[in-house]
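All values reported here derive from a predicted model rather than from experimental measurement.
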Amino acid sequence: MQITIEIPDDIAHQLANTPDQLSRRALESLVVEAYRHQQISTAQVQRLLNLSSRLAIDAFLKTYEAYLPYTVADLEQDLQAIDQAITQPLILSISLLHH
């Protein structure tokens, strides 16, 4: 889908040096807001912006301070999971092969 936005020339020049740069900035802004509102996934961010890796996605989102909400309840749940993992006995299964 292609979308057209009309912007006065003087403002367009303030926002970007070329029409391609302005188009990219508009797309990035749309993607960031959609991600912040949990309308799209990181995989969709990668696809829309043609990013090469998970690291590139994370760097892009960090640049725009686009983080998914992480509540105190989420933190408490994560800490509980870590505590459970730490307190469970570690069982190693070692099999020795004799030749």
Side-chain angles (χ1 to χ4, degrees):
M1 174 183 291
Q2 190 167 13
I3 299 171
T4 303
I5 301 172
E6 291 196 29
I7 300 173
D9 289 341
D10 59 323
I11 297 173
H13 291 295
Q14 284 179 295
L15 297 174
N17 292 329
T18 67
D20 286 344
Q21 286 177 336
L22 187 57
S23 292
R24 179 67 181 196
R25 286 194 63 189
L27 177 60
E28 288 177 356
S29 295
L30 177 68
V31 167
V32 166
E33 286 307 308
Y35 181 78
R36 281 187 179 134
H37 289 91
Q38 300 178 27
Q39 295 173 312
I40 62 173
S41 67
T42 53
Q44 290 170 315
V45 170
Q46 182 177 21
R47 184 174 160 209
L48 285 165
L49 299 177
N50 196 28
L51 299 173
S52 60
S53 67
R54 175 66 192 196
L55 290 175
I57 299 165
D58 290 344
F60 169 79
L61 293 172
K62 184 177 179 181
T63 299
Y64 285 92
E65 297 179 359
Y67 309 108
L68 288 180
Y70 190 74
T71 65
V72 172
D74 294 331
L75 175 61
E76 289 172 356
Q77 185 178 3
D78 289 345
L79 291 173
Q80 228 173 24
I82 291 169
D83 283 343
Q84 286 177 355
I86 290 172
T87 58
Q88 289 180 354
L90 181 61
I91 300 172
L92 295 176
S93 176
I94 301 173
S95 60
L96 300 174
L97 298 176
H98 297 297
H99 295 298

Point-to-point distance, once rounded to the nearest 0.5 Å, from [atom1] of [X] to [atom2] of [Y]:
X: Gln2; Y: Thr4; atom1: CD; atom2: OG1; answer: 5.5 Å
X: Gln14; Y: Ile7; atom1: CD; atom2: CD1; answer: 11.0 Å
X: Ile40; Y: Arg47; atom1: CD1; atom2: CZ; answer: 11.0 Å

With sequence neighbours left out, the residues meeting side-chain contact (heavy atoms from CB on, under 4.5 Å) with Asp78 are Tyr70
Under the side-chain contact (heavy atoms from CB on, under 4.5 Å) test, residues paired with Thr71 that sit two or more places apart:
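With neighbours one apart ignored, the set is Ala73, Asp74.
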ILVMFWY cluster, Leu27 and Val45 together (side-chain gap under 4.5 Å)
yes
Leu75 and Ile82: same hydrophobic cluster, using ILVMFWY side-chain contacts below 4.5 Å?
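In one cluster: no.
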Taking the basic N atoms (NZ, or NE/NH1/NH2) and the acidic carboxylate oxygens, is any pair closer than 4.0 Å for Glu28 and Arg25?
no
Mark yes or no for whether [X], through its side chain, and [Y], through its backbone, hold a donor-acceptor pair below 3.5 Å.
X: Glu65; Y: Lys62; result: no
X: Gln21; Y: Asn17; result: yes
X: Gln46; Y: Leu51; result: yes

Heavy-atom side-chain proximity of Leu61 to Tyr35 below 4.5 angstrom:
yes
Using side-chain heavy atoms (C-beta onward) and a distance below 4.5 Å, is Ile3 in contact with Met1?
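Yes, side chains in contact.
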Tell me, with the steps shown, if Tyr67 and Arg36 meet side chain to side chain contact (heavy atoms under 4.5 Å, CB included).
CA-CA 7 Å; Tyr67 309 108; Arg36 281 187 179 134; over 6 Å; no
Can you give me the closest heavy-atom contact between Ala16 and Leu22, atom names plus distance?
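Nearest heavy atoms, Ala16 then Leu22: CB-N, 3.5 Å.
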Counting only heavy atoms not in Gln44, do more than 12 sit closer than 6.0 Å to its CD atom?
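Atom CD in Gln44 is crowded, with more than 12 foreign heavy atoms closer than 6.0 Å.
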Listed by chain and number, what are the side chain to side chain donor-acceptor pair (under 3.5 Å) partners of Arg54, not counting sequence neighbours?
Thr42, Asp58
From CA spacing to verdict: side chain to side chain contact (heavy atoms under 4.5 Å, CB included), Tyr64, Val31
CA-CA 10 Å; Tyr64 285 92; Val31 167; over 6 Å; no
